[in-house]
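Report on the structure given below.
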Amino acid sequence: MSSELRPLSAVPFWICALLALALGLQIASRLSTPALRASSELPPAPRPEALRLASFAEEPAAARLAMLYLQAFDYRGANRIPYQKLDYGRLIGWLDAILALDPRSDYPLFSAARIYAETPDSARSRQMLEYVYRAFLQDPDRRWPWLAHAALLAKHRLNDLPLALRYARAVEQNTADPNVPSWAKQMQIFVLEDMNELEAARTMIIGLLENGRIYDPAEIRFLRERLQELAARQARRR
């Protein structure tokens with residue numbers, strides 16, 4: 001039996017209808033309390049087991065339907081500011097439950113890194129970036145793009161270079177797939193430079209050049225030129 005995932009369009013309509021009904025009943029039970037009916041609060045996430053049971057063995061399709069519900073939530077009730085009034089603890093609970101339902105899907109972490117983490121609210125942004133980091137550690141070779149984006153957000157949006165370095169270093173240290181691009185593995189060099197940790201940046205470049213894993217002549221030339229630039233900067237500081 002093939003393990004290839006079918007697109008949502010390939011799933012029979014009656015299955016989608018049953019999934020939507022089951023998910024709707026689950027969500028309706030959450031929204032039945034007066035406090036939630038009268039507010040725009042995101043309800044607590046259903047347990048992954050409940051979503052799995054409601055999926056009728058069509059877990060990827062159910063995960064997509066749950067994501068559609070989640071991303072449409074901002075347009076109901078009194079919530080008129082997309083993503084900014086959500087309870088991010090509950091939001092992460094939903095993303096985690098959906099990811100547990102379909103661990104191979106990129107949709108939850110794409111939404112986490114590229115939508116929810118880009119909120120102007122720095123506290124919520126940090127909360128979501130930490131979720132991306134934890135999810136990355138469960139499957140680094142598949143989920144590295146979202147942590148690489150988290151490192152860029154930490155650097156350029158939050159202006160938090162130690163946090164950016166933590167994420168960039170995690171990508172370098174935890175990925176083993178040779179298809180992970182060199183720019184992702186080398187992000188920490190540039191973060192270290194921004195932190196004026198020039199010797200640490202030089203040490204990393206020397207390590208990359210000496211470990212024998214870089215074969216592209218253009219990349220080797222780039223790293224050697226970077227090494228010379230760092231040496232010149234260090235000399236000017238003395």
Side-chain angles (χ1 to χ4, degrees), residues 5 42-48 51-52 59-60 62-74 81-192 194-195 204:
L5 299 181
L42 183 67
R47 294 167 54 195
L51 285 176
R52 191 170 289 111
E59 295 179 1
R64 292 184 181 92
L65 287 171
M67 279 300 307
L68 290 174
Y69 162 79
L70 185 61
Q71 292 195 316
F73 186 83
D74 289 294
I81 306 177
Y83 316 129
Q84 295 179 28
K85 288 186 177 180
L86 292 176
D87 180 323
Y88 264 43
R90 290 184 176 182
L91 176 58
I92 288 170
W94 274 92
L95 292 170
D96 213 28
I98 295 167
L99 196 59
L101 194 63
D102 184 11
R104 296 175 62 85
S105 174
D106 289 330
Y107 199 0
L109 290 179
F110 169 85
S111 299
R114 300 301 301 268
I115 299 174
Y116 298 121
E118 295 194 2
T119 174
D121 185 320
S122 62
R124 283 183 167 92
S125 180
R126 289 174 185 276
Q127 193 176 359
M128 191 58 65
L129 293 180
E130 279 298 290
Y131 168 67
V132 172
Y133 171 73
R134 294 194 302 272
F136 158 81
L137 292 177
Q138 297 170 11
D139 192 355
D141 286 337
R142 178 178 294 276
R143 298 173 179 174
W144 68 264
W146 316 124
L147 191 63
H149 186 72
L152 295 175
L153 286 179
K155 177 182 175 181
H156 296 292
R157 186 181 288 267
L158 297 178
N159 296 313
D160 189 334
L161 292 177
L163 185 63
L165 180 61
R166 178 171 168 241
Y167 295 156
R169 186 165 285 160
V171 172
E172 194 276 329
Q173 293 178 346
N174 291 279
T175 53
D177 187 342
N179 294 317
V180 176
S182 57
W183 67 261
K185 304 278 281 186
Q186 297 167 16
M187 281 193 305
Q188 60 177 313
I189 295 174
F190 306 103
V191 179
L192 286 168
D194 289 339
M195 296 174 71
M204 183 179 174

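Predicted model, so just to flag it, every value in this text is computed and none were measured.
The two residues Ile98 and Leu70 have their closest heavy-atom pair at CD1-CD2, 4.3 Å. Closest non-hydrogen pair, Val171 versus Leu147, comes out as CG2-CD2, 3.9 Å. Taking both residues in full, the closest heavy atoms of Asp141 and Ala176 are given as OD1-N, 2.8 Å, listed atom of the first, atom of the second, then distance. Counting all heavy atoms, side chain and backbone alike, Ala112 lies closest to Leu95 at CB-CD1, 4.0 Å. Taking every heavy atom of both residues into account, Arg90 and Leu42 meet most closely at NH1-O, 2.7 Å. Nearest approach of Arg142 to Pro103, heavy atoms of both residues: CD-O, 4.3 Å.
A distance-only check finds no donor-acceptor pair linking the side chain of Arg126 to the backbone of Ala117 [under 3.5 Å].
Cation-pi check for Arg64 over Tyr107 is not met; the charged atom does not lie both under 6.0 angstrom from the ring centroid and within 45 degrees of its normal.
In this structure, Thr119 and Met128 have side chains that are not in contact, with every pair of non-hydrogen atoms separated by 4.5 Å or more. In this structure the side chain of Tyr69 reaches within 4.5 angstrom of the side chain of Trp94, judged on heavy atoms. Counting heavy atoms from C-beta outward, Gln188 and Tyr167 have side chains that stay 4.5 Å or more apart. Within the 4.5 Å cutoff, the side chain of Arg169 has no heavy atoms near those of the Met187 side chain. Between Trp146 and Phe136 the shortest side-chain heavy-atom distance does not fall below 4.5 Å. Residues Glu130 and Leu163 have side chains in contact (heavy-atom distance under 4.5 Å, counting atoms from C-beta outward). At least one side-chain heavy atom of Gln71 sits less than 4.5 Å from a side-chain heavy atom of Tyr116.
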Only distances under 3.5 Å count here; give the side-chain donor-acceptor pairs of residues 152-159 to other protein atoms, sequence neighbours excluded, each with its distance to 0.1 Å.
{"unit_1": "Lys155", "atom_1": "NZ", "unit_2": "Asp194", "atom_2": "OD2", "d": "2.7"}
{"unit_1": "Arg157", "atom_1": "NH1", "unit_2": "Glu118", "atom_2": "O", "d": "3.4"}

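Taking Gln127 as the reference, Tyr88, Ile92 meet the side-chain contact (heavy atoms from CB on, under 4.5 Å) condition, with sequence neighbours excluded.
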For this session: Walk me through it: do Leu109 and Tyr131 pass the test side-chain contact (heavy atoms from CB on, under 4.5 Å)?
Result: CA-CA 9 Å; Leu109 290 179; Tyr131 168 67; 3.8 Å; yes
